[in-house]
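Note on naming: letters A, B, ... go to the chains in the order of the sequence lines (proteins, then strands), and numbering restarts at 1 for each one. None of the values given here were measured: they were computed from a predicted structure.
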Protein chains: 2
Amino acid sequence: MTILRSTRLADGTARGIPDATVARLPVYLRALNALAEQGVLSCASNELAEQAGVNPAKLRKDLSYLGSYGTRGVGYDVEYLRYQIAREMGQTQDWDVVIVGVGNLGSALSAYQGFSTRGIRVAALVDADPQRVGTVVSGIVVSPLDTLDTLVSERQISIGVIATPAPAAQEVADRLVAAGITSILNFAPAIVQVPEGVDVRKVDLSIELQILAYHEQRKASADTSATSKATSKTTSKVVSA
Amino acid sequence: MTILRSTRLADGTARGIPDATVARLPVYLRALNALAEQGVLSCASNELAEQAGVNPAKLRKDLSYLGSYGTRGVGYDVEYLRYQIAREMGQTQDWDVVIVGVGNLGSALSAYQGFSTRGIRVAALVDADPQRVGTVVSGIVVSPLDTLDTLVSERQISIGVIATPAPAAQEVADRLVAAGITSILNFAPAIVQVPEGVDVRKVDLSIELQILAYHEQRKASADTSATSKATSKTTSKVVSA
DNA sequence: CCATGTGAATACTTTCACAGCC
DNA sequence: GGCTGTGAAAGTATTCACATGG
């Protein structure tokens, strides 16, 4: 809906990194971590871009929003750049999340290995089902839904994850907001309404597959039209992530 | 990397729906289904847009790429529009997917209720671990990784889902491509390289949380700068999905 | 009248191409 | 010489505002 971005902070500091760039910084971070593990100390934008799966120019433009952390004629110091991006992304601290809904998806998320190394810590699990409350999932005791307020304030939780069925999503979002959460990741296939100032990101598993199905369909029909019309140039479509 | 889009098909048919629009059509479809279930027969762009969580103008523009399926002064016929979008998205047929990797995430995906009503059918499960092969997950027997070719061709599978750990992702992608798959949804936190003509979409759970953490951090620092400098206008930032 | 459908305006993103600096 | 950092250009996406037609 509405996106207001300050290009300049109140104090006059130039900020306001474009959304598209913010979404890629974690990818660069991961690529840099991989390089660091291989013992690579320095790299050029080409190499890093290749690792990250993006165009080198885009990588450089993205990094330019953070500052000038490279050396002309040389490249980037892996460790230094890694630190700068991590700092920008707020990864110098750990972020505690609460997962609401401990079904298949919620359980899988709570067991996900990739979070800890990215500054994400699953601090609490919550479920509305009394049958699940009290059970231990991934080493965490599941708490009842109405303890959200206490959990959030006591454990300094700043991010909520909705992993419930769709019908419960809006109520859970309301409760998260009431508990003071201002960032929500929603896996439920439902649109949740939140007050201004609260960020919601949505991950919808079927939608991703539906988008792929759409492209499959187009490929298929392009093929048939190509065979029926020998002179037609078929469309090649590549969307690399 | 490279995105080539044909705005016009070989036969001259006007096509080439923008990517951003394609990504939203499933959302509209879901909203329409919800309305249909409530017994709503007709709706205006405002209502549908509200349900879908988008701007009405954007909705109308999106729909205009499909054709003129509304009635001026009235709105859209729910069932008719639903069918038109479904057809455009290739949802008049079912799409079979194979999930590679039956760990926590793969299991959760195979049990996911939301797929069947969206034209997605989990047709096969595959894992490299001999311990898992032969076990039954969500009613499907897990097959060994090297039977991919047979599975894909015999069951007409067109979409592959990678739900393995990161190090295995590239090899799995290669095998999927070798088996004839041209659409891949990758949940592994790794960039996979694929040949031209293969679509890859990536869902990265930690990245979504890292993006939220970034915004949290900005909110926090905006707050502190606001308290330290009473006259400064703080930035309000809302990104609704 | 009223809500759609759409040109035109605006905003954002990507890519190019080269000046600038090591 | 070579690679970064960045203006400028090209390509997409969103939003506005109103002509259009039921």
Side-chain angles (χ1 to χ4, degrees), chain A residues 1-7 14-25 27-28 32 40-50 52-78 80-81 84-85 211 237-241, chain B residues 1-8 14-25 27-28 32 40-50 52-78 80-81 84-85 237-241:
Chain A
M1 330 267 267
T2 329
I3 299 191
L4 302 169
R5 187 185 9 254
S6 73
T7 317
R15 286 301 202 81
I17 300 175
D19 287 345
T21 297
V22 170
R24 281 187 296 265
L25 290 178
V27 179
Y28 303 155
L32 286 166
V40 178
L41 299 177
S42 165
C43 69
S45 65
N46 291 25
E47 312 166 56
L48 188 51
E50 162 127 68
V54 302
N55 180 308
K58 197 193 285 190
L59 171 79
R60 293 202 301 277
K61 180 65 99 181
D62 283 343
L63 295 182
S64 77
Y65 292 114
L66 311 189
S68 293
Y69 297 132
T71 312
R72 291 173 198 237
V74 179
Y76 300 93
D77 180 281
V78 171
Y80 181 59
L81 183 59
Q84 294 299 341
I85 298 179
I211 295 170
K237 159 124 199 170
V238 183
V239 183
S240 315
Chain B
M1 329 267 269
T2 328
I3 300 190
L4 301 170
R5 186 184 11 254
S6 73
T7 316
R8 213 149 273 276
R15 287 302 202 80
I17 300 175
D19 287 345
T21 296
V22 170
R24 281 185 298 263
L25 290 178
V27 179
Y28 303 154
L32 286 166
V40 178
L41 298 177
S42 165
C43 70
S45 64
N46 291 26
E47 312 165 54
L48 188 53
E50 162 128 68
V54 303
N55 180 309
K58 197 193 282 188
L59 171 78
R60 292 202 302 277
K61 181 66 105 184
D62 283 342
L63 295 182
S64 78
Y65 293 114
L66 311 190
S68 292
Y69 296 133
T71 311
R72 292 175 196 235
V74 180
Y76 302 93
D77 180 280
V78 170
Y80 181 58
L81 183 58
Q84 293 300 341
I85 298 178
K237 159 125 197 170
V238 183
V239 183
S240 316

Which residues pass the side-chain contact (heavy atoms from CB on, under 4.5 Å) test with [X], not counting sequence neighbours?
X	answer
Asp77(A)	Glu79(A), Tyr80(A)
Ala49(B)	Val54(B), Pro56(B), Leu59(B)
Glu50(A)	none
Ala23(A)	Ile211(B)

Between [X] ([atom1]) and [N] ([atom2]), how many Å, whole number?
X	N	atom1	atom2	value
Arg24(B)	dA13(D)	CZ	C1'	8 Å
Asp19(A)	dT14(D)	CG	P	12 Å
Leu59(A)	dT13(C)	CG	P	17 Å
Asn46(A)	dG5(D)	CG	P	13 Å
Asp77(B)	dT4(C)	CG	C1'	15 Å
Ile17(B)	dA13(D)	CD1	C1'	15 Å
Leu81(B)	dT4(C)	CG	P	11 Å
Lys61(B)	dA8(C)	NZ	P	11 Å

Nucleotide of [options] approaching [X] most closely (side-chain heavy atoms):
X	options	value
Pro18(A)	dT13(C), dG22(D), dT6(D)	dT13(C)
Ala20(B)	dT14(D), dG5(D), dT6(C)	dT14(D)
Asn55(B)	dG5(C), dT13(C), dT15(D)	dT15(D)
Lys58(B)	dT14(D), dC3(D), dT4(C)	dT14(D)
Tyr76(A)	dG5(C), dC16(D), dT4(D)	dT4(D)
Tyr65(B)	dA3(C), dT14(D), dG22(D)	dT14(D)

Closest non-hydrogen atom pair, Leu48(A) against Tyr28(A): CD1-O, 4.4 Å

Compare all side-chain heavy atoms of Tyr76(A) with those of Glu47(A) and state whether any distance is below 4.5 angstrom. no

Is the phosphate of dT4(C) approached by Ser45(B) (side-chain N or O, under 4.0 Å from OP1 or OP2)? yes

For Arg24(A), salt bridge (charged side-chain N to carboxylate O under 4.0 Å, His left out) partners two or more places apart: Asp62(A)

Closest-nucleotide 5' rank along DNA chain C - winner of Gly67(B) and Asp62(A): Gly67(B)

Nucleotide N/O to protein N/O under 3.5 Å, stretch nucleotides 18-21 of chain D:
{"from": "dT20(D)", "atom 1": "O2", "to": "Arg72(B)", "atom 2": "NH1", "distance (Å)": "2.4"}

